[in-house]
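Accompanying notes for the structure given below.
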Amino acid sequence: MILFRSGPSGPGRRRFVFNEEGPPASGPAYMQIKSWVLSQIRSGILDEGDAVPSEARLALQFGVSRMTANRAMRELQDEGVVVRVQGSGTFVARSKYESTVVAIRGIDEEIRARGHLHRSEMQRLERFAADEALATAFALPQGTVLYHSVVLHFENGEPIQVEDRYVNPAVAPDYIDAHFAQETPSAYLMREAPLSSVQFAIEACAAPDEIAAWLQIGAGDAALVLRRRTFSEDDVASVVVMWHPSDRFQFTGSF
């Protein structure tokens with residue numbers, strides 16, 4: 001069972017005091033704002049329910065456009081760190097941000113829990129220069145070298161998942177040299193770079209030819225797709241797309 005908090009934990013209650021320290025030294029401007037807000041929460045300067053400085057004030061403090069500050073706050077809202085109330089402002093999310101714990105089981109654990117046999121086959125393990133989309137997802141410069149793995153998982157000998165994953169080498173530098181015969185990439189990353197937060201979406205998509213061939217379904221047939229971006233501390237650790245045959249797989253879970 002993989003456990004992770006939906007966001008970093010803050011300490012005990014304190015009243016709001018605005019800290020005028022400057023931005024972090026490097027990284028995209030919107031990430032600097034996000035990191036600064038998170039540091040205020042971790043240090044207790046901002047507590048749950050406290051008002052976060054306005055976008056206009058953040059833009060002035062960090063010397064950026066209002067649009068950049070808005071992106072930072074939108075992402076923090078999407079991650080459950082803050083809530084934005086129209087006409088009132090932005091506030092640190094209440095206790096669910098600090099205490100909500102979500103349980104995720106790797107595909108191998110799910111299969112074994114059903115009393116079935118899991119095995120996997122590594123299809124690709126390579127270095128990959130980030131294109132524009134991946135660079136944006138990882139908040140890294142375009143062309144940054146990432147690690148890329150594609151693993152095909154089986155349940156009782158039948159293909160059940162294609163795991164297409166990109167990994168940040170700064171978070172897991174030895175990923176490219178790991179041996180995944182006995183351990184899944186998910187388990188490896190949880191050991192090497194424990195999760196601090198996660199974003200995900202589930203949708204049905206037509207399977208590309210290569211994916212369909214691996215899953216032994218018809219080209220263009222619908223597949224269930226889980227897209228997930230995981231964070232370790234303030235870094236994006238991995239971006240993964242998991243493809244499943246819709247006729248023999250379903251997502252389940254509980255909170």
Side-chain angles (χ1 to χ4, degrees), residues 2 4-8 24-35 38 68 71-72 74-76 78-79 104 106-108 120-153 161-203 205 207-215 223-244:
I2 302 173
F4 63 90
R5 294 190 180 275
S6 60
S26 62
Y30 78 95
M31 288 297 295
Q32 295 178 26
I33 297 174
K34 288 179 64 178
S35 295
L38 288 170
T68 298
R71 177 178 177 179
R74 281 191 288 107
E75 289 201 5
L76 287 172
D78 292 342
E79 295 166 18
I104 293 181
I107 187 68
D108 56 327
S120 63
E121 294 178 359
M122 180 67 70
Q123 304 298 316
R124 292 194 183 100
L125 184 58
E126 60 190 358
R127 291 174 174 84
F128 187 91
D131 57 18
E132 183 178 1
L134 281 169
T136 299
F138 279 91
L140 293 171
Q142 189 169 343
T144 297
V145 175
L146 304 171
Y147 296 150
H148 178 220
S149 61
V150 179
V151 180
L152 179 58
H153 296 275
Q161 182 189 88
V162 175
E163 174 191 341
D164 188 356
R165 184 184 299 272
Y166 293 88
V167 175
N168 185 349
V171 173
D174 297 326
Y175 185 88
I176 196 71
D177 298 316
H179 299 287
F180 293 110
Q182 303 298 324
E183 183 177 38
T184 64
S186 292
Y188 176 89
L189 287 172
M190 278 303 303
R191 177 167 52 80
E192 296 295 321
L195 295 182
S196 58
S197 62
V198 66
Q199 298 169 341
F200 66 90
I202 299 173
E203 59 183 331
C205 294
D209 290 351
E210 186 174 46
I211 299 293
W214 279 330
L215 292 177
L224 292 177
V225 183
L226 171 62
R227 304 180 189 273
R228 180 184 295 158
R229 183 166 71 148
T230 61
F231 295 76
S232 184
E233 298 295 338
D234 294 330
D235 295 317
V236 179
S238 74
V239 173
V240 59
V241 182
M242 302 176 185
W243 298 80
H244 311 82

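Worth knowing before you read on, the calculation uses all heavy atoms, side chains too, and leaves out hydrogens, waters and symmetry mates.
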Q | Mutual orientation of the aromatic rings belonging to Tyr175 and Tyr188 [parallel < 30°, tilted 30-60°, perpendicular > 60°] | A | perpendicular

Q) Heavy-atom distance under 4.5 Å between the side chains of Val162 and Val150, does that happen here? A) yes

(Q) Is there a side chain to side chain contact (heavy atoms under 4.5 Å, CB included) between Val225 and Val241? Walk through the geometry before answering. (A) CA-CA 7 Å; Val225 183; Val241 182; 3.4 Å; yes

Q | Shortest non-hydrogen contact between Ala129 and Gly143, atoms and distance | A | CB-O, 3.9 Å

Q: Determine, step by step, whether His153 and Met242 satisfy the side chain to side chain contact (heavy atoms under 4.5 Å, CB included) criterion, reporting the C-alpha distance in whole Å, the side-chain angles of both residues, the deciding distance to 0.1 Å, and the verdict.
A: CA-CA 10 Å; His153 296 275; Met242 302 176 185; over 6 Å; no

Q) Hey, what do you get for CZ (Phe138) to CG (Asp235), rounding to the nearest 0.5 Å? A) 10.5 Å

Q) Are there more than 12 heavy atoms of other residues, nucleotides or ligands under 6.0 Å from atom CZ of Arg191? A) yes

(Q) Looking at every non-hydrogen atom in both residues, tell me the closest pair between Asp131 and Leu134 and how far apart they are. (A) OD1-N, 2.9 Å

**Q.** Nearest non-hydrogen partners of Val171 and Val236, listed with the distance
**A.** CG2-O, 4.1 Å

Q.
Tell me if the CD atom of Glu183 is crowded by more than 12 foreign heavy atoms within 6.0 Å.
A. yes

**Q.** Arg227 side chain reached by Cys205 side chain, heavy atoms, under 4.5 Å
**A.** yes

Q. Can you check whether Arg127 reaches Pro169 side chain to side chain, under 4.5 Å on heavy atoms?
A. no

Q.
Nearest 0.5 Å, please: how far is CG in Asp174 from CD in Glu192?
A. 7.0 Å

Q) Of all residues at least two apart in sequence or in a different chain, which pass the side chain to side chain donor-acceptor pair (under 3.5 Å) check with Arg229? A) Gln199

Q | Straight-line distance of Ser186 OG to Arg165 CZ, nearest 0.5 Å | A | 4.0 Å

Q) Taking all non-hydrogen atoms of both residues, which atom of Ala207 and which atom of Ala223 are closest, and how far apart? A) CB-CB, 4.3 Å

Q | Asp164 side, atom CG; Glu210 side, atom CD - distance, nearest 0.5 Å | A | 9.0 Å

Q. If you round to the nearest 0.5 Å, how far is CD of Glu79 from CZ of Arg74?
A. 12.0 Å

(Q) Quick check: do Phe180 and Val151 have side-chain heavy atoms less than 4.5 Å from each other? (A) no

Q) Counting N and O atoms only, with roles assigned by atom type, does the side chain of His148 sit under 3.5 Å from a partner on the main chain of Glu126, one being a donor and the other an acceptor? A) no

(Q) Using a 3.5 Å distance criterion without hydrogens, assess whether the side chain of Ser149 forms a donor-acceptor pair with backbone atoms of Leu125. (A) no

(Q) So for atom CD, which belongs to Glu203, do other residues, nucleotides or ligands contribute more than 12 heavy atoms lying within a distance under 6.0 Å? (A) yes

Q: Answer yes or no: is there a side-chain heavy-atom contact under 4.5 Å between Tyr166 and Asn168?
A: no

Q) Which residue pairs satisfy the side-chain hydrogen bond (donor to acceptor under 3.5 Å, both in side chains) criterion with at least one member in residues 137-147, sequence neighbours excluded? A) none

(Q) Any heavy-atom pair between the side chains of Leu146 and Leu140 that's under 4.5 Å? (A) yes

Q. Once you round to the nearest 0.5 Å, how far does NZ of Lys34 lie from CG of Asp234?
A. 9.0 Å

